[in-house]
Amino acid sequence: MSAWITRHLQTLIGALGRLSEQKLATLLTTLVIGIALALPACLHLLIANAQTATGNWNRAVDLSVYMKIPTSIDEVRRIAERLRQRRDVNDVEVLTADEALKEFRRDSGFGSAVDALTGNPLPHSLIVHPKSEYATAAHLEELAGDIRALPSVDLVQLDTAWVNRLQAILEAVRRAVFLTAAFLAVGVMAIVGNTIRLDIQNRRAEIEVTKLVGGSDAFVRRPFLYSGFWYGVGGAVIAWLLTTIVVGVLREPVSRIAGLYGSGFTVSGLGLQPTLILLGSGVFLGWLGSYIAASRHLREIEPS
Amino acid sequence: MIRFDHVFKRYPNGREALSDLSLELASGEIAFLTGHSGAGKSSLLKLIALIERPSRGQVIVNGQNVGSVPRSKIPAYRRQIGVVFQDHKLLHDRTIFDNIALPLIIAGIGTKEIGKRVRAALDQVGLLGREQSRPLELSTGEQQRVGIARAVVSKPPILIADEPTGNLDPDLSLEVMNIFRRFNEVGVTVLIASHDLYLLEQFPVRRIRLEGGKIVDSDEAPQKLLDPARLMENRKP
């Protein structure tokens with residue numbers, strides 16, 4: 001058993017040593033694998049970050065409540081007080097009709113037109129800030145429904161439509177990422193497989209001799225599998241580096257954009273779990289690619 | 001130990017290398033396989049090493065019917081046969097030690113035991129101390145001895161050699177032959193294909209002469225061997 005482990009370790013290290021003998025070729029192959037793995041990793045980050053960002057914006061969604069005309073300002077304040085008691089409401093602002101008109105006159109540029117009016121056509125209104133933990137689309141709809149049911153409420157505006165649209169777009173992108181990842185996985189296997197095939201051709205004599213002295217298929221295949229393993233590890237490490245560079249370059253400008261929109265959003269990099277998945281996929285694809293190539297091409301080499 | 005029973009070997013190109021060949025080699029026997037090139041010597045050895053399979057007839061080696069060994073069992077089958085090649089077939093990017101250790105590594109033997117056995121095999125072929133050399137740093141004769149050490153390091157019951165002295169001068173040939181003889185003395189069945197007439201003269205062992213894929217002469221020469229030292233003397237004029 002210990003001899004077996006020793007052999008495997010020797011083959012593992014031996015495969016690494018052999019790869020390091022041809023630095024440029026190994027580097028190029030690993031780089032190609034790294035880029036192929038970095039693409040889905042970056043797209044994954046795009047989605048993860050977009051989700052965080054829209055999550056933030058969801059939290060910023062307020063409800064605008066327009067009261068019926070006429071509703072007394074006391075009634076409006078009473079409703080506001082009642083809404084504040086709800087556990088899913090953080091705060092309620094009261095905007096009286098007069099304040100609303102003043103604001104409109106100032107911001108709209110229709111000042112003179114407003115002056116021409118005899119009365120105030122605007123209703124009193126409330127701005128309801130939901131608590132962040134209740135800021136999901138379903139909860140917001142429920143809250144809006146409750147408020148809408150109040151007799152003196154005329155209209156409740158809740159703009160979750162664009163959030164839903166963005167979510168739908170993200171879902172489509174996620175599928176595209178999945179497909180891209182699948183294609184690139186096949187690509188990685190093809191790259192590793194082809195490299196291993198060339199390696200097998202170059203080591204033909206060695207393989208023949210090993211088979212002649214009784215080396216089994218598994219024994220002959222082992223060093224190639226470990227080569228594939230190392231290609232996968234190397235590719236995953238390069239992919240991780242590339243993703244980290246991308247995140248580092250984008251973090252500052254994206255934060256600036258978010259700041260302009262009044263959000264504290266920052267781009268986050270690959271967490272521990274995605275990093276492990278990246279490494280695992282690299283190792284698995286490298287191993288599988290070399291396994292397929294080795295099984296196929298080692299069979300063709302028989303001593304003569 | 002080795003039995004051929006009406007064996008035919010025809011290659012895909014139509015050439016018939018062996019034709020109705022029957023042969024028996026007892027356990028612990030040593031024999032020369034002679035004949036012109038193309039007589040079928042190599043084909044016969046390839047059937048024993050299971051590099052080729054017979055077209056017809058049976059080859060029984062160490063109690064196994066070679067023709068019916070499945071592909072997956074070929075490695076295990078080959079481990080009981082040591083093969084020495086005319087061109088040595090050493091791996092030039094590895095040390096002598098690693099070359100000889102290969103069959104033991106394949107057999108899954110522990111590192112310490114491998115060291116012991118490799119040195120013992122090197123000692124038997126007179127190359128102790130050259131473990132860390134590379135094959136190309138050695139002379140042809142030394143390389144051939146490394147090839148022999150690799151063939152016997154895992155102590156196979158059968159040793160076959162295809163023109164092992166083909167590239168060697170007469171002195172080296174005798175030396176190599178004496179190594180084979182010593183293995184035979186400890187019970188290894190040895191079959192050597194050779195057309196080295198001088199060598200055949202010096203070693204009065206059984207000769208199996210092939211011609212056109214058939215055995216034309218299989219004399220049971222006395223197996224008593226001359227003292228190697230006297231052999232060397234005899235050669236001097």
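Throughout, a chain's letter reflects where its sequence line sits, starting with A, and its residues are numbered from 1. Only this structure's heavy atoms are used, side chains among them; waters, hydrogens and symmetry mates stay out.
- The environment of B/His36 atom NE2 is sparse: at most 12 non-hydrogen atoms of other residues, nucleotides or ligands sit within 6.0 angstrom.
- Residues B/Ile51 and A/Leu212 meet the side-chain proximity criterion, which asks for heavy atoms closer than 4.5 Å.
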Step-by-step side chain to side chain contact (heavy atoms under 4.5 Å, CB included) determination, A/Arg7 to B/Thr111: CA-CA 9 Å; A/Arg7 284 300 151 237; B/Thr111 312; 3.7 Å; yes
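- The contact between B/Phe85 and chain A is made entirely by side chain atoms (from C-beta outward), counting heavy-atom distances below 4.5 Å.
- Contact count against chain A (heavy-atom pairs under 4.5 Å) is highest for B/Ile106 among B/Ile106, B/Ile105, B/Leu50, B/Asp93.
- Other residues, nucleotides and ligands contribute only 12 or fewer heavy atoms inside 6.0 Å of the OH atom of A/Tyr291.
- Of the two parts of B/Lys46, only the side chain, counted from C-beta on, holds a non-hydrogen atom closer than 4.5 Å to a non-hydrogen atom of chain A.
- Counting heavy atoms of neighbouring residues, nucleotides and ligands inside a 6.0 Å radius, atom CZ of A/Phe183 does not exceed 12 of them.
- Annotation for B/Arg53: atom CZ counts as buried by contact number, over 12 foreign heavy atoms lying within 6.0 Å.
- Looking at A/Arg222, there are no atoms closer than 4.5 Å to chain B (heavy atoms on both sides), in backbone or side chain.
- Looking only at heavy-atom pairs under 4.5 Å with chain A, the residue among B/Arg94, B/Lys73, B/Glu52 that has the most is B/Arg94.
- In this structure, A/Arg299 places its CZ atom where only 12 or fewer heavy-atom neighbours from other residues, nucleotides or ligands lie under 6.0 Å away.
- When atom types are taken as modelled, the side chain of B/Arg79 and the backbone of A/Gly214 share a donor-acceptor pair closer than 3.5 angstrom.
- For A/Glu206, the parts lying under 4.5 angstrom from a heavy atom of chain B are both the backbone and the side chain.
- Considering only heavy atoms from C-beta on, B/Ile74 stays 4.5 Å or farther from A/Lys211 through its side chain.
- Within a 6.0 Å sphere centred on CZ of B/Phe8, other residues, nucleotides and ligands contribute more than 12 heavy atoms.
- Tested against A/Val213, the residues B/Pro75, B/Ser154, B/Pro103 include a single side-chain contact (heavy atoms from CB on, under 4.5 Å) partner, B/Pro103.
- Annotation: side chain of B/Arg71 is in contact with side chain of A/Asp217 (closest heavy-atom distance under 4.5 Å).
- The closest side-chain heavy-atom distance from A/Pro303 to B/Arg78 is below 4.5 Å.
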